[in-house]
Amino acid sequence: MTELKELAEKLGLVESRESKKEERVLPPLPNVDMWGNVVTRFAPNPDFPIHLGNARAAILSHEYARMYKGKFILRFEDTDPRTKPPLPFSYLIIEKDLRWLGITWDEKYIQSMRMDKYYSIAKKLIELGYAYVDLCKKDVFREYRNAGKACPHRDMSPEQHLELFDKVIAGEFGEGEAVIRIKTDLSHPDPAIRDWVMFRIIDTTRNPHPIVGDRYRLWPTYNFAAAVDDHLMGITHILRGKEHALNTAKQIYIYKYLGWRYPEVVNFGRVGLEGLILSKTWIKNQLKNNPEKFMGFDDIRFATISGLRRRGIVPETIKEIILSLGLSPVDARISWVNLAAINRKNVDPIAKRIFVICNPVKVVIEGVETPREIEIPFHPAKDLGKRKLVLAKPEVYISSKDLENINQGAVIRLMELFNIVIERNSKDGIIAKYHSASLDEAKKWGAPIIQWVPCNDSIKVDLLRVEGMKIRKEHCIGESSLKTLREGEIIQMVRLGFGKIEKISKARISIIYSHE
RNA sequence: GCCGCGGUAGUAUAGCCCGGUCAAGUAUGCGGGCCUUUCGAGCCCGUGACCCGGGUUCAAAUCCCGGCCGCGGCACCA
């Protein structure tokens with residue numbers, strides 16, 4: 001191991017000890033020296049925006065390409081307009097999400113625009129007698145396959161199959177009437193491997209493809225298109241989830257027949273995120289059947305990249321988590337607390353501090369000269385500017401939660417302002433009395449230091465919190481400087497937690513609660 | 001059922017290939033303290049794990065066998 005590390009350091013592949021400590025060193029990729037330049041790829045299906053699980057493949061592939069000064073390719077795998085119809089906006093969102101994650105690609109491909117390449121390789125395989133057109137119905141073939149027997153079409157001559165192939169392309173067969181199969185081992189212990197399907201017919205008149213419409217009827221399956229492209233694009237290392245393990249076994253036949261060299265494969269485990277939903281299928285179904293219950297594909301309860309972004313999670317956090325998982329084949333269940341801890345550190349230096357009061361109660365302070373205004377820095381340590389709180393009348397909101405913990409007659413400090421003593425309740429609110437000005441005085445009395453908002457200079461805040469599968473909207477009051485912020489900005493609501501400005505309108509502001 | 005891959009503290013991960021330096025490192029959580037005009041950040045101390053059983057060996061988290069548990073796959077999806 002030490003030898004490997006030394007070697008990697010020599011080659012400049014590993015960050016030296018002194019560099020930033022959060023930068024985790026990824027383990028070396030297998031057989032790098034046997035391939036020359038490392039080429040990796042991320043190959044999403046644009047049928048939906050990507051989630052954290054996809055991000056793992058994307059981030060790792062990209063990271064390794066950069067680490068070895070190689071090439072990273074983005075490839076859209078959109079070869080099923082029927083079962084997984086590609087969504088035009090998904091292509092865009094996926095690119096946006098990747099860029100947001102700091103991922104840049106050297107080349108981009110869209111499989112639906114490469115159909116002729118797939119056809120010509122298929123023809124070659126048929127010519128060589130390694131592939132054939134199968135006219136059996138699905139369940140008929142299944143019986144042959146389960147018995148380990150060849151279906152009648154398998155042994156026809158390449159010439160006959162070539163002829164059939166042209167007819168299929170010309171559209172002479174309908175859905176389910178023909179498939180192109182590759183010849184594999186009919187006695188393979190896993191029936192799924194036996195003569196798997198390379199192409200099937202999809203009626204694109206009924207299910208047009210968003211990019212190429214009804215131009216093609218014969219579509220390659222994932223295993224064919226991916227295998228061929230990985231070779232044509234010179235991919236050296238495939239990093240993908242372990243659900244793909246079997247696909248390697250399938251694809252290897254093509255490589256064997258055509259004398260290609262199969263890339264190195266690393267299968268990593270699945271990722272889960274506590275409390276959030278990752279399942280693409282589930283999300284798609286819900287959005288289709290109960291759209292009114294959700295905020296869209298970027299709902300903050302979804303572990304989609306856009307959902308996490310909307311929630312106030314920063315790309316560095318996602319990258320850090322994914323890199324810390326590395327290539328481990330074990331399934332990982334990320335805890336929200338853990339993710340929040342990392343995000344908090346990333347966001348703490350850039351989040352403006354804002355006073356927000358939930359469960360507000362009005363406090364009228366006697367013995368104070370008004371108007372007065374005070375300036376408070378947006379951040380205790382970083383220079384993020386200042387905000388101004390204007391006290392036209394001696395009336396402020398504080399949280400009733402804070403009040404619960406305060407005995408009558410005790411001193412409390414309004415942060416950055418002055419110290420008061422709670423006197424009594426009245427119909428106008430709580431009556432308090434000015435006590436003293438200095439912080440030292442507050443400390444002397446052991447006064448709690450709490451946030452506050454001037455009654456006359458405030459704005460309504462809708463705070464959206466994720467609670468289990470529900471979103472709770474809490475009506476709060478915030479300081480008016482909120483209006484000067486921009487949508488999408490991440491803030492810290494003092495003593496409440498971090499949040500992201502969702503929407504600013506004249507009368508109110510909605511903030512998504514990120515985490516404590 | 002069949003095929004494949006795994007199992008290190010609450011969570012995640014390092015170490016496993018190449019057995020000793022591992023009475024197991026790191027992060028987070030949790031407990032305590034310091035600091036701080038936040039219940040945030042920072043600093044310090046503490047807490048807590050090698051799935052089980054056999055075997056090989058002077059020596060096993062690491063190698064071998066068995067068991068148990070978990071996950072993935074078994075499509076004319078990707």
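Note on naming: letters A, B, ... go to the chains in the order of the sequence lines (proteins, then strands), and numbering restarts at 1 for each one. Every heavy atom of this structure was used, including side-chain atoms; hydrogens, water molecules and symmetry mates were not.
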Q: Parallel, tilted or perpendicular: which fits the ring planes of A:F199 and A:F224, with parallel below 30° and perpendicular above 60°?
A: tilted
Q: Would you state whether a donor and an acceptor, one from the side chain of A:D402 and one from the base of B:C39, lie under 3.5 Å apart?
A: yes
Q: Does a side-chain N or O of A:S328 approach OP1 or OP2 of B:A12 to a distance below 4.0 Å, or not?
A: no
Q: Check whether any side-chain N or O of A:R333 sits under 4.0 Å from OP1 or OP2 of B:G7, and answer yes or no.
A: no
Q: Between the side-chain atoms of A:N247 and the base atoms of B:A78, is any donor-acceptor pair under 3.5 Å?
A: yes
Q: In whole Å, what separates the C1' atom of B:C34 from that of B:C71?
A: 45 Å
Q: Mind checking whether A:F89 and A:F297 have ring centres under 6.0 Å apart?
A: yes
Q: Using the P atom as the reference point in each nucleotide, state the distance between B:G15 and B:C51 in Å, no decimals.
A: 16 Å
Q: Is A:S335 near enough to B:A12 that one of its side-chain N or O atoms lies under 4.0 angstrom from OP1 or OP2?
A: no
Q: Should A:R82 be listed as having a side-chain N or O under 4.0 Å from OP1 or OP2 of B:C77?
A: yes
Q: Any side-chain N or O of A:K242 less than 4.0 Å from the OP1 or OP2 oxygen of B:G6?
A: no
Q: Does any donor-acceptor pair link the side chain of A:Q492 with the base of B:U38 at a separation under 3.5 Å?
A: yes
Q: Could A:R387 and A:F355 be counted as a cation-pi pair, given that NZ or CZ must be under 6.0 Å from the ring centre and within 45° of the axis?
A: yes
Q: Partner lookup for B:U13, please. Criteria are Watson-Crick or G-U wobble with both distances under 3.5 angstrom; report none if nothing qualifies.
A: B:G25
Q: Base, sugar-phosphate alone, or nothing: which one does A:V330 contact when heavy atoms must sit under 4.0 Å apart?
A: sugar-phosphate
Q: Under the 6.0 Å and 45° cation-pi test, does A:R114 pair with A:Y109?
A: yes
